[in-house]
J.: 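One structure, pasted below without further comment.
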Number of protein chains: 2
Amino acid sequence: MNDLLRNLKISINESIYLKDPESSDLGKRIVEHGILLINELGFDNFTFKKLGEHIQSNESSIYRYFENKHKFLIYLTNWYWGWKEYQLAFATINIKDPKHKLNQAIEILTREVEEDQSFNHINEVALNKIVINEYSKSYLTKEVDDENKEGYFLIYKRLSNRLKEMIADVNEGYPYPSSLASTILAGSLHQHFLKDHFTSLTDCGAKTSPSQYFIHLTSNLLNS
Amino acid sequence: MNDLLRNLKISINESIYLKDPESSDLGKRIVEHGILLINELGFDNFTFKKLGEHIQSNESSIYRYFENKHKFLIYLTNWYWGWKEYQLAFATINIKDPKHKLNQAIEILTREVEEDQSFNHINEVALNKIVINEYSKSYLTKEVDDENKEGYFLIYKRLSNRLKEMIADVNEGYPYPSSLASTILAGSLHQHFLKDHFTSLTDCGAKTSPSQYFIHLTSNLLNS
DNA sequence: GCAAAATTAATAGTAATACTATCAATTTTG
DNA sequence: CAAAATTGATAGTATTACTATTAATTTTGC
């Protein structure tokens, strides 16, 4: 992202928060330090009380922004996928060739994340680690169907669908474009996790990236 | 499985439990009803207290078998993967042709689960749902590296590695056999989840199965 | 610049969770 | 049949995940 986009705001479904954290200084500190603290402790060990201590504020004040830590995770991961959606749009808009476009999309969606200067209070590297380690906990719940109806996963579904369209544009005869898109998105988070914790289960590591693996896989699948 | 295997026992790393639940009637009831209750409530809402009430036993008695519910989940998922490993071994042992063997392996590992009469106190269908919904929570923790060293994920890693070997036997030039194996294992759980909760993100459903998707994907990748 | 409104902080309190400890009752076994 | 092991019942602790109330502080609108 560049300076032209300084005023960009990732828009997030209002039912996910009680009060928009972007609307106040405290709200931004909750998000900023929440990301750092979840990354440090893991989501399971993270509490609003601990976050309150970290930002020298009060547990009860945080509860005025988010109902509970589950919703806070939903908020953060929505932000992440919204951010990815912007990156994807900008990086692929002028590409005409469908194959090139798809490869670029996969690259954006599966690569190692770097800091984005456009969003001051968000550490995208830490947030990416949270998404790798915790995203699936946001939907692997008994409430998933209700929350899906509420639109909590809309951005992610839209993103997966964009990828699916690009897959179909390369090979309209390929019978599983939706499954391939979701496999790339969820699978790349998984490969990133494996390279950090279960090296024997992946070929990704110092020499090979998840992006290479998925670009190779997709090209071979669609161009044969 | 058949009657020849009546006395089969899935062996599980001793450091996962405090007392072998297979060694007593109470232990078996903990496992049997624990599976049903986790499937019913979801792992997050499951507690040993609730399980105690269900089996008309006491919370404190359950704690003598398992340190906590996390270890209980590790136990159950280990059992599941051990069971899959047996199925895989039996179903592929006499197949000579590497392509046929690999297809058979993918079928076994990704298909819809059916009841197995060999294991009385285990409801494999419910357990499969638990694995789909909860398995990733067992390793997406801050303790994953320590627990990996303790051997908590050995069976799963061995299974993934067997699949990797079969992939390499079909095409020794394919550069990402380990990643493909882990993608098939984790990806098929994910596709099963999607078909139940996010139908727009998958092509799997009434007419198409995750098995078909992954067999098609693998064949096309390795035979081109 | 000041009063009213909104926000935040501090404190207290509740119910549930995730255990541990103790001891009694029951069952198993040698 | 006595000793050992297992199980059940009860109680207790620290933490979590909140809600409620009120006071202090900050913001705003005129």
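Reminder, nothing fancy here: chain letters follow the sequence lines and each chain counts from 1.
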J.: Taking the side chain of B:N58 as heavy atoms from C-beta outward, which of D:dT10, C:dA10, C:dA18 is closest to it?
T.: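 My answer, after comparing the listed nucleotides, is D:dT10.
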J.: Base, sugar-phosphate, or nothing: which does B:S61 touch, judged by heavy atoms less than 4.0 Å apart?
T.: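 Result for B:S61 = base.
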J.: Give a yes or no on whether the ring-centroid distance for B:Y139 and A:F193 is below 6.0 angstrom.
T.: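 Yes, close enough.
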J.: Using only side-chain N and O atoms of A:K69, determine if any of them is under 4.0 Å from OP1 or OP2 of D:dT16.
T.: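 The answer is no; no side-chain N or O of A:K69 sits under 4.0 Å from OP1 or OP2.
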J.: Regarding A:K195 and A:E112, does a basic nitrogen lie under 4.0 Å from an acidic carboxylate oxygen?
T.: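 Salt bridge present between A:K195 and A:E112.
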J.: Can you find a side chain N or O atom of B:Y65 that sits less than 4.0 Å from OP1 or OP2 on D:dT7?
T.: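 B:Y65 to D:dT7 OP1/OP2: side-chain N or O found under 4.0 Å.
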J.: Which nucleotide wins on minimum distance to the side chain of B:L26, given the candidates D:dC18, C:dT8, D:dG8?
T.: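 Given the options D:dC18, C:dT8, D:dG8, the side chain of B:L26 is closest to D:dG8.
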J.: Does D:dG8 have OP1 or OP2 under 4.0 Å away from a side-chain N or O of B:S57?
T.: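 Looking at the OP1 and OP2 atoms of D:dG8, one of them is under 4.0 Å from a side-chain N or O of B:S57.
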J.: To the nearest Å, give me how far apart CG (A:N45) and P (D:dT15) are.
T.: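 Between P of D:dT15 and CG of A:N45: 13 Å.
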J.: Take atom CD1 of B:I30 and atom C1' of D:dT7, then tell me their distance rounded to the nearest Å.
T.: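 Atom CD1 in B:I30 sits about 10 Å away from atom C1' in D:dT7.
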J.: To the nearest angstrom, how far is A:Q56 atom CD from C:dA10 atom C1'?
T.: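 Distance, rounded to whole Å: 15 Å.
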J.: Using whole Å, what does the distance between atom P of nucleotide D:dC18 and atom CG of A:N68 come to?
T.: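 Value for this atom pair: 5 Å.
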J.: Tell me whether the rings of B:F46 and B:F72 are parallel (<30°), tilted (30 to 60°) or perpendicular (>60°).
T.: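 Rings of B:F46 and B:F72: parallel, under 30°.
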J.: Searching all strands shown, indicate the nucleotide that pairs with C:dG30 (Watson-Crick or G-U wobble; both distances under 3.5 Å).
T.: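 With both distances under 3.5 Å, C:dG30 matches D:dC1.
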J.: Within this structure, what is the CG-to-C1' distance between A:L51 and D:dT16, rounded to whole angstrom?
T.: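 Whole-Å distance recorded here is 15 Å.
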J.: Provide, to the nearest angstrom, the distance between the CG atom belonging to A:L18 and the P atom belonging to D:dA17.
T.: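 Checked: the CG to P distance equals 17 Å.
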J.: If you check the B:R64 side chain, which of C:dT8, D:dG8, C:dT11 turns out closest?
T.: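 Output: D:dG8.
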J.: If you count every heavy atom of other residues, nucleotides or ligands that lies below 6.0 Å from A:K49 atom NZ, does the total exceed 12?
T.: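 Count not over threshold, so no.
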J.: Starting the side chain at C-beta, find the nucleotide from C:dC19, C:dT11, D:dT6 nearest to B:Y63.
T.: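 Selected nucleotide: C:dC19.
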J.: Using atom NZ of A:K49 as one end and atom P of C:dT11 as the other, report the distance to the nearest whole Å.
T.: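 Roughly 12 Å, once rounded to whole Å.
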J.: To the nearest Å, how far apart are B:I55 CD1 and D:dG8 C1'?
T.: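 Distance, rounded to whole Å: 12 Å.
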J.: Between A:Y135 and A:Y156, is the gap from one ring center to the other below 6.0 Å?
T.: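 Here the rings of A:Y156 and A:Y135 have centres that are less than 6.0 Å from each other.
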J.: Let's see if you can work this out: which of D:dA17, C:dT11, C:dT8 has an atom nearest to the side-chain heavy atoms of A:S24?
T.: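 My answer, after comparing the listed nucleotides, is C:dT8.
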J.: Choosing from D:dA17, C:dC19, C:dT8, which nucleotide comes nearest the side chain of B:E59?
T.: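 Selected nucleotide: C:dC19.
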